[in-house]
Structures are given as C-alpha cells and as structure tokens.
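Down below is the structure, laid out as structure tokens.
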2 protein chains.
Amino acid sequence: MTNVFKPIRPKKISEEIVTQIKVLISEGQLKPGERVPSERELAALLGVSRPSVREAIMVLEAMGLVESRQGGGTFVRSLTESTLADPLTSLVEKNPRMLHHLAEVRMGLETWSAYLAAQRATDEEIETLRKLVAEMERQAEDGGWDAEIDTRFHYAITTATHNTIQLHVLNTIQGLFHTTIMVALTEFYQKEGYIKMLLEHHRTIMERIAARDPDGARQAMAEHLELVRDKMQQLESDNQLLS
Amino acid sequence: MTNVFKPIRPKKISEEIVTQIKVLISEGQLKPGERVPSERELAALLGVSRPSVREAIMVLEAMGLVESRQGGGTFVRSLTESTLADPLTSLVEKNPRMLHHLAEVRMGLETWSAYLAAQRATDEEIETLRKLVAEMERQAEDGGWDAEIDTRFHYAITTATHNTIQLHVLNTIQGLFHTTIMVALTEFYQKEGYIKMLLEHHRTIMERIAARDPDGARQAMAEHLELVRDKMQQLESDNQLLS
DNA sequence: GCTAAAAACTGGTCATACCAATATTCCAGG
DNA sequence: CCTGGAATATTGGTATGACCAGTTTTTAGC
C-alpha cells in the first residue's frame with residue numbers, strides 16, 4: 001500500500017508556459033536562431049504577468065533550449081545538444097573534488113559486488129571472468145590496456161551478484177565515472193607502466209571469486225580500487241599544475 | 001581557430017546564486033531532504049531582491065537539485081533520485097522479490113558507510129551517535145522502538161563519512177526502503193521482542209566507530225543488517241500466506 | 001492533555017517602476 | 001545617394017511591494 005495516491009501538486013503557471021514553448025520548439029514553429037517574442041509580448045499573449053513568463057524563460061535557458069541577451073532578446077538555440085544532464089553529473093563535472101567522492105562510492109559498491117559474486121557466481125560466470133583476464137594478459141604482452149575489457153570485467157562481477165538493483169545502481173555510478181575520467185586514467189596507466197600490476201590485481205580478484213572466498217575477493221577488489229583512487233588523485237594534482 | 005574570443009556575457013546575479021547553492025549542496029552543507037532558507041531570507045542574506053532568488057531557485061528546480069512546495073518551503077533533493085529512485089521504484093513495485101535485492105544493496109552501502117565513518121567521524125559526530133543510542137535505550141526500557149530514531153542513527157553514520165555522494169545515494173535507497181517495508185518491519189520488531197538485540201547491535205556499531213575500528217564497524221553493521229534481512233524474508237513469506 | 005481555531009511563515013502570482021544593454025530609426029554631412 | 005553617428009525605442013535584468021494560497025506552528029479553549 002504505497003503511493004496509491006498521486007502527489008497532487010498545483011501546477012505552476014510558469015511550468016505551463018515552459019511546456020507550451022517546448023511544444024512550439026519541437027514542432028518547429030520556433031526554429032533555431034529565431035527570436036522568441038519578448039517577455040512583455042508573451043505576457044500579454046498568454047494573459048499572465050511578466051514575472052511568470054520570465055521564470056519560464058529562465059527554466060528554458062537552464063535546459064539549454066533558449067538563450068537570452070539583455071537588450072537583444074531571447075533566441076532559440078540549436079537543440080542538437082539540449083539534453084539536460086542529471087543532477088549528479090552537473091555537480092561532478094563542475095567540482096573535481098566530487099570525483100574523489102564518486103570514486104569512493106564506487107569502491108564501496110564494487111567491493112560489495114565482489115563479496116556477493118564470490119558467494120553466488122555460477123561456473124559459467126566464473127569462466128567468463130577467466131576469459132576476460134586471459135584477454136587482458138594477451139593485450140598486456142603488447143603493453144596495451146583496453147578500458148573496454150576492464151569495464152566488462154567489472155560489469156561481469158556485478159552481474160554475478162545476481163542482484164538486479166545492485167547492477168543498476170553500480171551501472172549508474174560507473175557510467176558517470178566513465179564519462180568523466182576513465183579515458184584520462186587509461187592513458188595514465190599505459191604511460192606509467194602500471195599494466196603488470198593491474199593485470200595481477202584482476203587475476204587475484206578473479207581467483208578469489210573462483211575460490212568462493214568472499215572476504216578475499218572483497219579485499220582484492222579494495223586493494224585494486226585503492227590504486228585507482230590514488231592514481232586519480234595524482235592526476236588531479238597534475239591538472240592543477242596546468243591551470 | 002574558432003572561438004578565440006570568449007562571449008562576453010554579463011553574469012546574471014541569479015546565476016551567481018545558482019552556483020553558490022550548488023556548491024553548498026556538493027559540499028554537503030545542504031544535505032538531502034534539508035530545507036534551504038526561505039526566499040525572503042536568502043534575499044536578505046545575499047542582499048538581492050526576491051525575484052532574483054526566485055529565478056535561481058526555479059533553475060535549480062529545473063535541474064532537479066531542489067524541490068519547492070507552496071507554503072512548505074524548498075528542499076534539497078537526493079541527487080540520485082531522478083536517476084535511481086524512479087526506475088527502481090517501478091522495478092520494486094512490479095516484483096516484490098526485488099525488496100530482497102534492495103535490502104542487499106542497502107547492506108553494501110551501509111557497511112561501507114560504517115567503515116568510512118570509523119575512519120573519519122569527528123568527536124562531535126560520535127557524540128551524536130552516542131546520544132541516539134542513549135535515546136534508544138530509554139525507549140527500549142518501555143518496550144518501544146522508534147523507527148524515526150533508528151533512521152536518524154543510520155543517517156548520522158553516513159553523514160560521518162563526509163562523502164556527499166555516498167550520502168545522496170544511500171538516502172535514495174533508504175527512501176525506497178522506507179516507503180515499502182519499514183513500517184511493517186518496526187511492528188514486527190515490537191511484537192517479536194527483538195528490541196534488546198537491536199539495541200545491542202546499535203550500541204556495538206557506535207562503539208566500533210568511536211574506537212576508530214573500520215573493520216569492526218563494518219562487521220557490526222553487517223551483522224545488524226543480516227538480522228534485518230532475515231526478518232524481512234520471514235515477513236515476506238508471511239505475506240505470501242495472506243495473498 | 002488534547003483538539004481545533006488562529007496566527008505566522010512560505011512559495012506563487014501580479015503590477016509597476018527603473019536600469020542597462022542592444023536594435024532601430026533618422027538626420028546631418030560627405 | 002550613401003554614410004556615420006546620435007537620438008530613440010525596444011528588450012532583458014533588477015528591485016519593491018502587495019496580495020493570494022497552501023503549510024506549519026502556535027495558541028486558546030474545552
């Protein structure tokens with residue numbers, strides 16, 4: 001008996017205006033680069049006050065749909081990249097210190113995944129992990145490191161928890177991580193010759209899971225991610241030197 | 001050689017307010033669920049007019065960082081609410097078996113919180129935990145168990161991690177948990193006389209954190225949540241008999 | 001002590017005025 | 001006729017102030 005009733009909330013009239021203008025833009029009646037009627041004009045047309053129109057336009061501007069210039073007017077932007085990022089992303093991108101927090105949360109989730117996976121992984125799933133490690137070894141011999149394989153390895157572990165929600169949550173965090181720093185991190189690995197160590201880490205994690213040793217798997221995962229965290233911090237301070 | 005010159009734009013003061021509040025949220029000075037000062041108050045604090053504050057809040061609301069209710073106030077949302085809670089809610093509602101998964105994810109997050117809190121909790125935060133346990137003891141003497149105090153205890157631990165993202169993620173999961181099963185679980189406790197055991201659990205967790213013993217704190221939290229998980233499973237099978 | 005009325009916030013809307021930046025118009029000088 | 005620049009109109013940005021409509025808190029009465 002949860003949430004049977006919808007949360008009745010009086011819709012603000014500024015929201016109504018927002019949806020109307022969004023429709024106009026998506027229908028092409030307001031084309032990119034075109035001028036939106038002035039705030040006073042809109043207020044008159046819609047029969048509302050200017051502040052209401054103004055709030056609507058602020059929201060549209062925050063969504064990246066329009067752009068206002070004082071004295072100039074309000075213009076429709078190309079909606080090629082008008083996707084409003086989710087709250088977490090917008091904060092992490094702006095504040096590098098958040099990356100450290102993010103890495104830490106990921107650490108908690110992944111160690112937990114390793115722990116659960118060691119309890120429940122099927123033989124088939126363990127075999128998948130084994131193959132991924134073998135693939136890593138093959139690439140490592142050439143001095144290469146494929147972030148794609150790395151990601152698939154961690155994903156496979158969480159799959160082996162047989163917990164849909166864990167998979168979903170970790171996937172969300174992992175996605176953020178990937179879009180923000182993964183690339184730089186991979187380059188860093190290759191340059192600094194950490195590949196052997198990384199390979200060893202992954203092999204140990206795989207073996208602890210295969211041995212059905214939850215605590216060992218968690219420990220191995222923790223050590224691996226501690227390295228990642230430290231290197232990331234190093235990357236951060238390097239970047240600060242540039243700016 | 002494009003865009004050598006930056007587009008000179010006079011920064012709107014509402015944008016300035018937006019960034020200020022974003023910083024407060026990302027630094028954890030404004031925690032999820034907390035009230036942000038009223039519009040009039042903010043206007044006075046910042047020395048600007050209310051419309052400016054209002055526009056800033058509209059933008060923040062559009063970004064999903066805060067939520068305003070007329071007459072109520074403006075509240076900080078969990079950053080992961082839109083990305084995690086909504087999809088997960090639909091999952092859990094369709095498949096009650098998911099509750100078990102949800103409890104397990106919470107277990108992973110909370111054990112991690114306990115681990116981190118034992119490393120970083122300030123003396124003041126430890127004192128808060130101690131007071132909460134004392135309050136539990138007082139109520140337990142009358143054979144009562146207050147879910148509110150329980151929740152605040154766990155919340156305080158995650159606050160002591162000093163990790164904003166961990167706080168937001170756990171808050172989202174916790175919220176899901178609360179709306180689905182928390183009430184039934186509390187009744188269950190009271191009937192079955194588990195209160196003494198619960199009290200002991202919480203005291204141990206608090207003591208391990210106070211002793212700066214990360215592994216011990218994690219272990220204590222794990223044992224506590226294992227009990228919760230088992231009792232929940234018991235509840236589920238009972239409910240199945242009814243349906 | 002508990003309940004219900006009332007008072008005090010708080011966000012939502014509106015009206016108005018003025019400022020600052022930009023567009024537009026228009027006129028004088030080439 | 002064109003051209004440059006000043007005067008003018010338009011537009012978004014900010015500030016006051018007022019009132020309404022829900023919430024929350026306090027208070028008064030039973």
Side-chain angles (χ1 to χ4, degrees), chain A residues 5-22 24-25 30-77, chain B residues 5-22 24-25 30-77 81 142 144 148:
Chain A
F5 297 98
K6 51 191 173 183
I8 303 174
R9 58 158 181 197
K11 51 185 169 188
K12 294 180 266 191
I13 90 176
S14 64
E15 285 181 355
E16 176 64 24
I17 301 175
V18 167
T19 61
Q20 280 204 35
I21 295 185
K22 279 210 295 194
L24 289 184
I25 292 180
L30 282 175
K31 302 187 191 76
E34 213 170 282
R35 285 195 46 159
V36 175
S38 75
E39 296 178 354
R40 291 169 176 81
E41 211 170 325
L42 276 177
L45 288 175
L46 298 169
V48 298
S49 73
R50 183 149 95 95
S52 297
V53 172
R54 216 178 138 58
E55 285 176 356
I57 290 184
M58 291 297 294
V59 171
L60 288 168
E61 192 169 8
M63 293 193 297
L65 287 179
V66 303
E67 187 174 11
S68 294
R69 284 198 311 273
Q70 179 176 170
T74 303
F75 301 83
V76 179
R77 287 191 11 167
Chain B
F5 297 98
K6 48 190 174 183
I8 303 175
R9 49 159 186 231
K11 52 184 170 187
K12 292 180 266 191
I13 95 176
S14 64
E15 284 181 356
E16 175 62 24
I17 301 176
V18 167
T19 62
Q20 278 204 37
I21 295 185
K22 281 213 297 194
L24 288 183
I25 292 179
L30 281 175
K31 302 189 192 65
E34 216 169 277
R35 289 191 48 156
V36 337
S38 75
E39 296 178 352
R40 292 168 176 83
E41 211 168 326
L42 275 178
L45 288 175
L46 299 170
V48 299
S49 71
R50 186 149 92 94
S52 297
V53 172
R54 220 179 135 57
E55 285 174 357
I57 290 184
M58 291 296 294
V59 171
L60 288 168
E61 193 169 9
M63 293 194 297
L65 287 179
V66 303
E67 188 174 12
S68 295
R69 285 199 311 274
Q70 178 175 171
T74 303
F75 300 83
V76 179
R77 285 191 15 156
E81 204 170 306
D142 305 336
E148 163 73 15

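Note on naming: letters A, B, ... go to the chains in the order of the sequence lines (proteins, then strands), and numbering restarts at 1 for each one. Worth saying up front: this structure is predicted, and the values here are computed from it rather than measured. Every heavy atom of this structure was used, including side-chain atoms; hydrogens, water molecules and symmetry mates were not.
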Legend entry - Interatomic distance where CD belongs to B:Glu15 and C1' belongs to D:dG13 [whole Å]: 11 Å

Inset, instruction - Answer yes if the side chains of B:Ser68 and B:Thr74 hold a donor-acceptor pair under 3.5 Å, and no otherwise. - result: yes

Inset, instruction - Select one nucleotide: of D:dT16, D:dG13, C:dC14, the one nearest the side-chain heavy atoms of A:Arg40. - result: D:dG13

Inset, instruction - Decide, yes or no, whether a salt bridge links A:Glu41 with A:Arg35 under the criterion of side-chain N to carboxylate O below 4.0 Å. - result: no

Legend entry - Polar side-chain contact B:Gln70-D:dG22 base: donor and acceptor under 3.5 Å: no

Inset, instruction - Please determine if a side-chain N or O atom of A:Thr74 lies less than 4.0 Å away from the OP1 or OP2 oxygen of D:dT11. - result: no

Legend entry - Lys/Arg N to Asp/Glu carboxylate O, B:Glu61 vs A:Lys12, below 4.0 Å: yes

Legend entry - Whole angstrom value for the distance that separates C1' of D:dT11 from CD of A:Glu67: 15 Å

Inset, instruction - With the side chain of B:Ser68 defined as its heavy atoms from C-beta on, choose the nearest nucleotide among C:dT10, D:dG12, C:dG12. - result: C:dG12

Inset, instruction - Starting from P on C:dT13, measure out to CG on A:Leu42 and report it in whole angstrom. - result: 16 Å

Legend entry - Contact under 4.0 Å: A:Ser52 side-chain N or O vs C:dC14 OP1/OP2: yes

Inset, instruction - Take B:Val36 and A:Phe75, find for each the nucleotide of DNA chain C with the closest heavy atom, and name the residue whose nucleotide sits nearer the 5' end. - result: B:Val36

Inset, instruction - Check whether any side-chain nitrogen or oxygen of A:Arg35 sits under 4.0 Å from OP1 or OP2 of C:dA23, and answer yes or no. - result: no

Legend entry - Per B:Glu39 side chain, nearest of listed nucleotides D:dT11, C:dG12, D:dG12: C:dG12

Inset, instruction - Nearest whole angstrom, please: distance from the C1' of D:dG12 to the CD of A:Glu61. - result: 10 Å

Inset, instruction - Kindly point out which of D:dT14, D:dA21, D:dA15 is positioned nearest to the side chain of A:Arg50? - result: D:dT14

Legend entry - Short side-chain N/O contact from B:Arg54 to OP1 or OP2 of C:dG12, under 4.0 Å: yes

Legend entry - Nearest-nucleotide pick for B:Lys12, side chain only, options being D:dA15, D:dG13, C:dA15: D:dG13

Legend entry - Sole candidate of A:Ile21, A:Ile25, A:Ile57 that passes side chain to side chain contact (heavy atoms under 4.5 Å, CB included) when paired with A:Leu65: A:Ile25

Legend entry - Distance in angstrom units between A:Glu55 CD and D:dG12 C1', rounded: 15 Å

Inset, instruction - Indicate, with a heavy-atom threshold strictly under 4.0 Å, whether A:Ile13 touches base, sugar-phosphate, or nothing. - result: sugar-phosphate

Inset, instruction - Specify the residue among B:Arg69 and A:Gly72 whose closest nucleotide of DNA chain D lies further upstream toward the 5′ end. - result: A:Gly72

Inset, instruction - Kindly give the heavy-atom pair with the smallest separation between B:Ser14 and B:Ser52, and that separation in Å. - result: CB-O, 3.7 Å

